[in-house]
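One structure below.
Position 1 is the first residue of the sequence, and the numbers go up from there. Remember, it's 1-based here, ligands and their atoms both numbered in the order they're listed.
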Amino acid sequence: MAKVLVSDPIDQAGIDILSQVATVDIKIGLSSEELAQIIPEYDALMIRSGSRVTQEIIEAGTQLKIIGRAGVGVDNVDVNAATRKGIVVVNSPEGNTIAAAEHALAMMLALSRYIPDANASVKSGKWDRKSFIGAEVYKKTLGIVGLGKIGSHVATAAKAMGMKLLAYDPFISTERADQLGCRLVEMDVLLQESDYITLHIPKTPETTHLIDAAAIAKMKPNARIINCSRGGIIDETALYNALKEGRIAGAALDVYETEPLGDSPLKSLEKQVILTPHLGASTTEAQVNVAIDVAEQIRDVLLGLPARSAVNIPGLGPDILEELRPYMQLAETLGNLVGQLAGGRVEQLVVKLQGELATNKSQPIVVAALKGLLSQALRERVNYVNASIEAKERGIRVIETRDAGERDYAGSLHLEAKGSLGDHSVTGALLGDSEIRITDIDEFPVNVPPSQHMLFTLHRDMPGIIGKIGSLLGSFNVNIASMQVGRKIVRGDAVMVLSLDDPLPDGILDEITKVSGIRDAYTVTL
Ligand SMILES: NC(=O)c1ccc[n+]([C@@H]2O[C@H](COP(=O)([O-])OP(=O)(O)OC[C@H]3O[C@@H](n4cnc5c(N)ncnc54)[C@H](O)[C@@H]3O)[C@@H](O)[C@H]2O)c1
Ligand SMILES: O=C(O)CC[C@@H](O)C(=O)O
């Protein structure tokens with residue numbers, strides 16, 4: 001019989017499902033060393049946010065087939081290491097949506113009426129009614145950052161309480177925001193106009209310290225901020241300074257830069273601050289939902305069936321997967337690239353399968369392209385299983401075409417996206433079995449491998465322009481790994497594709513667009 005290790009507290013409903021197909025060992029509070037020591041015995045590992053599944057633990061898991069995260073965020077699992085070892089990582093993208101949304105709403109009301117401090121005051125024997133004069137949320141403006149699953153539920157409930165709603169989410173359409181009664185605005189407008197701000201976004205390089213000293217400086221003096229999403233999105237030092245100096249009215253936090261929260265000065269602040277220990281998902285209902293959701297997937301995978309919410313591996317038969325995997329990787333990379341070139345709000349994606357690829361099953365390729373396209377917005381929330389549904393919900397029209405005609409490469413893939421930054425296209429192919437090459441950008445021929453940090457320019461092909469861009473990057477201490485120019489005619493329009501060793505610092509893109517002959521410039525992080 002298979003063996004499953006449960007290393008965090010999981011609802012019994014999940015344990016019962018696992019017990020149908022496996023021997024279940026529950027061992028809570030193991031250190032990383034202890035986990036690495038016992039993991040070779042197990043076929044599956046089920047966790048919540050308490051266990052950190054590092055590369056070492058994954059390497060040691062010689063029998064491991066699946067890691068199940070009873071919750072949304074898989075930031076405590078080294079997903080790349082698991083993918084490399086062919087271990088499926090599954091999560092429960094929706095099981096705790098309502099719990100997290102209700103926690104944010106509870107925090108907003110508790111903050112407005114000083115409930116924790118008033119409660120502590122009565123329990124300490126006092127009857128002090130003067131110290132706890134609160135504020136109403138009715139007719140106040142709530143700024144929602146991230147209008148995904150949790151943000152949408154918060155919007156619906158806050159609307160019913162008579163609040164005016166603003167939302168900032170660069171990946172959501174105006175129609176979706178309208179449906180939820182939200183005015184979609186830029187982040188600065190949301191910061192300046194909101195009485196309450198609630199964060200419901202993933203932690204990404206773009207959202208890390210999104211709320212820093214500069215953002216806080218734009219907030220109203222009566223503003224209160226709530227973070228039940230991920231720690232590190234708010235700069236806690238900047239927040240503490242602003243609260244201490246009375247520059248904003250309050251903050252309620254469920255998540256922190258480091259968890260458990262250590263010796264933070266935030267703990268010294270009184271009724272204007274509420275701190276909870278990452279309780280967003282801690283309701284009986286959510287714990288039952290996520291436990292069942294993830295245990296069923298572990299059971300299925302142990303029985304040789306596909307998982308429905310795999311973060312890293314599609315729910316397809318192993319033979320099809322094996323054959324298409326390199327092309328799916330190509331599709332995902334190109335989807336991510338064209339999505340960033342076209343801007344967050346993509347309304348249409350054309351997927352054209354060319355050469356020998358045109359005779360293959362298109363669905364996994366289209367799904368992989370959509371997964372890449374949505375990965376900037378949804379990170380680990382998007383997977384091969386939900387990418388099509390997520391795209392549909394975001395109003396992205398998908399058009400598939402095929403062209404089996406001969407080309408330079410046996411099979412190639414062409415993607416065209418219509419987005420908020422305009423229409424862009426990319427083509428790519430495989431060199432050998434699996435090496436990805438970008439062969440065309442906006443119909444300019446190139447031949448470059450993708451890299452983590454890339455810069456693309458559209459410019460006039462004229463002497464000196466390459467040198468100017470090189471010197472400019474050098475002056476910002478950005479090292480160029482490779483550079484290529486693609487053009488159709490001499491001294492006509494051209495593209496430049498640069499692979500960089502370092503991310504581009506803020507402000508440099510503006511400098512690049514000021515260089516004479518440069519028409520446009522884009523950075524991309526893959
Ligand atoms: N406190 C808890 O216990 C708890 C529980 C569940 C989820 N969470 C966290 O809550 C967050 C939201 O979860 P969800 O299920 O609603 O996710 P979701 O993927 O449904 O929604 C996230 C939204 O953020 C938007 N977004 C991405 N990058 C953005 C950016 N730079 N600026 C503005 N918007 C951006 C996306 O377009 C998307 O609409 C996640 O970080 C999740 O891990 C916390
Ligand atoms: O397991 C938990 O309680 C954390 C839940 C939450 O942060 C998630 O990402 O789902």
Side-chain angles (χ1 to χ4, degrees), residues 7-11 14 46-51 68-77 91-104 106-107 143-155 166-173 176-177 180 182 184-187 190-191 197-211 215 226-233 252-256 259 276-283 286-287 289-291 293-294 309 311 339-340 344-346 373-383 386-387 389-391 393-394 396:
S7 63
D8 284 318
I10 301 290
D11 191 88
M46 185 158 174
I47 56 164
R48 273 177 65 189
S49 54
S51 302
R69 159 72 162 105
V72 186
V74 286
D75 35 354
N76 52 333
V77 179
N91 68 351
S92 172
E94 290 172 29
N96 57 30
T97 298
I98 303 297
E102 289 185 359
H103 196 70
M107 291 284 239
I144 304 173
V145 183
L147 207 51
K149 301 219 169 340
I150 298 171
S152 298
H153 191 74
V154 167
L166 299 180
Y168 169 69
D169 187 327
F171 306 100
I172 283 285
S173 66
R176 173 74 183 141
L180 293 163
C182 296
L184 204 55
V185 293
E186 288 305 320
M187 188 65 187
L190 184 143
L191 291 168
I197 295 174
T198 183
L199 308 178
H200 300 290
I201 48 180
K203 186 170 177 214
T204 67
E206 297 78 47
T207 63
T208 300
H209 285 190
L210 180 71
I211 306 297
I226 299 121
N227 187 12
C228 293
S229 60
R230 277 289 176 264
I233 295 173
L253 307 181
D254 186 46
V255 286
Y256 307 91
E259 293 182 17
T276 53
H278 204 143
L279 291 183
S282 296
T283 63
Q287 286 315 306
N289 290 344
V290 295
D293 198 359
V294 170
S309 284
V311 168
Q340 291 184 61
R345 239 164 252 141
V346 171
L373 187 84
L374 294 170
S375 61
Q376 290 295 319
L378 300 180
R379 304 284 152 167
E380 70 265 16
R381 276 255 309 98
V382 65
N383 57 42
N386 67 6
I389 301 163
E390 289 285 351
E393 278 178 1
R394 276 149 208 271
I396 301 173

In ligand 1, which numbered atoms sit nearer than 4.0 Å to a non-hydrogen atom of Leu378? 19 (O), 38 (C)
Taking all non-hydrogen atoms of both residues, which atom of Asp293 and which atom of Pro93 are closest, and how far apart? OD2-CD, 4.3 Å
Quick check for you: to the nearest 0.5 Å, what is the distance between Ile144 atom CD1 and Ile197 atom CD1? 11.5 Å
If we number the atoms of ligand 1 from 1 as shown, the ones under 4.0 Å from a heavy atom of Ala281 are 3 (O)
Looking at side-chain heavy atoms only, is the closest gap between Asn96 and Lys149 below 4.5 Å? no
Is it the side chain, the backbone, both or neither of Asn96 that has a heavy atom closer than 4.0 Å to ligand 1? side chain
Heavy atoms only: which of Ile150, Asn227, Thr207 is nearest to atom 7 (C) of ligand 1? Ile150
Would you mind running through ligand 2 and noting each atom that sits below 4.0 Å from a heavy atom of Gly71? 10 (O)
To check you understand the geometry: which heavy-atom pair defines the closest contact between Leu147 and Ala167, and what is its length? CD2-CB, 3.8 Å
Can you tell me the protein heavy atom closest to atom 7 (O) of ligand 2 and the distance? His278 NE2, 2.7 Å
Can you sort out the partners of Arg394 under salt bridge (Lys or Arg N to Asp or Glu O under 4.0 Å), two or more places apart, ordered by chain and number? Glu390
What do the steps show when you test Ser309 against Asn91 for side chain to side chain donor-acceptor pair (under 3.5 Å), and what is the final call? CA-CA 6 Å; Ser309 284; Asn91 68 351; 4.7 Å; no
Numbered in order shown, the ligand 2 atoms found under 4.0 Å of a heavy atom of Arg69 are 1 (O), 4 (C), 5 (C), 6 (C), 7 (O), 8 (C), 9 (O), 10 (O)
Are the side chains of Arg176 and Glu393 in touch, meaning some heavy atoms are under 4.5 Å apart? no
Should the proximity of Leu147 to ligand 1, defined as any heavy atom under 4.0 Å, be assigned to the side chain, the backbone, both, or neither? backbone
Passing candidate, side chain to side chain contact (heavy atoms under 4.5 Å, CB included) with Ser92, options Val72, Val294, Asn289: Val294
Measure the distances from the heavy atoms of Arg394 to every atom of ligand 1 and state whether one is below 4.0 angstrom. yes
Which one of Arg230, Glu94, Glu206 has a non-hydrogen atom at the shortest distance from atom 42 (C) of ligand 1? Arg230
Have a look at ligand 1 and work out which part of Ile201, if any, has a heavy atom under 4.0 Å from it: side chain, backbone, both or neither. both
Indicate, as side chain, backbone, both or neither, the part of Asp169 found under 4.0 angstrom from ligand 1 when only non-hydrogen atoms are considered. both
If you look at every heavy atom in Leu190 and Val145, which pair is closest and at what distance? CD2-CG2, 3.8 Å
When you measure from atom 10 (O) of ligand 2 to every protein heavy atom, which one gives the shortest distance, and what is it? Val72 N, 2.6 Å
Heavy-atom closest contact (Gly280 atom, Asp254 atom, distance): N-OD2, 2.8 Å
Report yes or no: does Thr207 contribute a side-chain atom to a donor-acceptor pair with the main-chain N or O of Leu210 at less than 3.5 Å? no
Within reach of ligand 1, part of Ala100 (heavy-atom separation under 4.0 Å): side chain
Proximal atoms of ligand 1 relative to Cys228 (non-hydrogen, under 4.0 Å): 1 (N), 2 (C), 4 (C), 44 (C)
Starting from atom 5 (C) of ligand 2, what is the nearest protein heavy atom, named by residue and atom, and what distance separates them? Ala281 CB, 3.6 Å
CG of Asp8 to OG of Ser51: how many Å apart, nearest 0.5 Å? 3.5 Å
Regarding ligand 2, does Gly73 bring an N or O atom to under 3.5 Å of one of the ligand's N or O atoms? yes
Purely on distance, is any nitrogen or oxygen of Gln376 under 3.5 Å from one on ligand 1? no
Test of understanding: given a 4.0 Å heavy-atom threshold, classify the contact between Val290 and ligand 2 as side chain, backbone, both, or neither. neither
Polar contacts were defined as any N/O atom of the residue lying under 3.5 Å from an N/O atom of the ligand; does this apply to Gly73 and ligand 1? no
Assess, by modelled atom type and distance only, whether the side chains of His278 and Ser49 contain a donor and an acceptor separated by less than 3.5 Å. no
N or O contact, Ile172 vs ligand 1, cut-off under 3.5 Å: no
Distance under 4.0 Å to a non-hydrogen atom of His200: what atoms of ligand 1 satisfy this? 12 (C), 22 (C), 23 (C), 24 (O)
Protein contact to atom 3 (O) of ligand 2 [nearest heavy atom, distance to 0.1 Å]: Arg48 NH2, 2.8 Å
For Gly146, the ligand 1 atoms whose distance to one of its heavy atoms is below 4.0 Å: 24 (O), 34 (N)
Tell me which part of His278 gets within contact of ligand 1: side chain, backbone, both or neither, using heavy atoms under 4.0 Å. side chain
State, to 0.1 Å, how close Ser173 and Arg345 come at their nearest heavy-atom pair, and which atoms those are. CA-CD, 4.1 Å
If you measure every N/O of Lys203 against every N/O of ligand 1, is any gap under 3.5 Å? no
Look at Asp75 together with Arg230 and state whether they make a salt bridge at an N to O cut-off of under 4.0 Å. yes
Ligand-residue contact atoms, ligand 2 with Arg230, heavy atoms, under 4.0 Å: 7 (O), 8 (C), 9 (O)
Provide the closest heavy-atom pair for Ala286 versus Ala281 in the form atom of the first, atom of the second, distance. CB-O, 3.4 Å
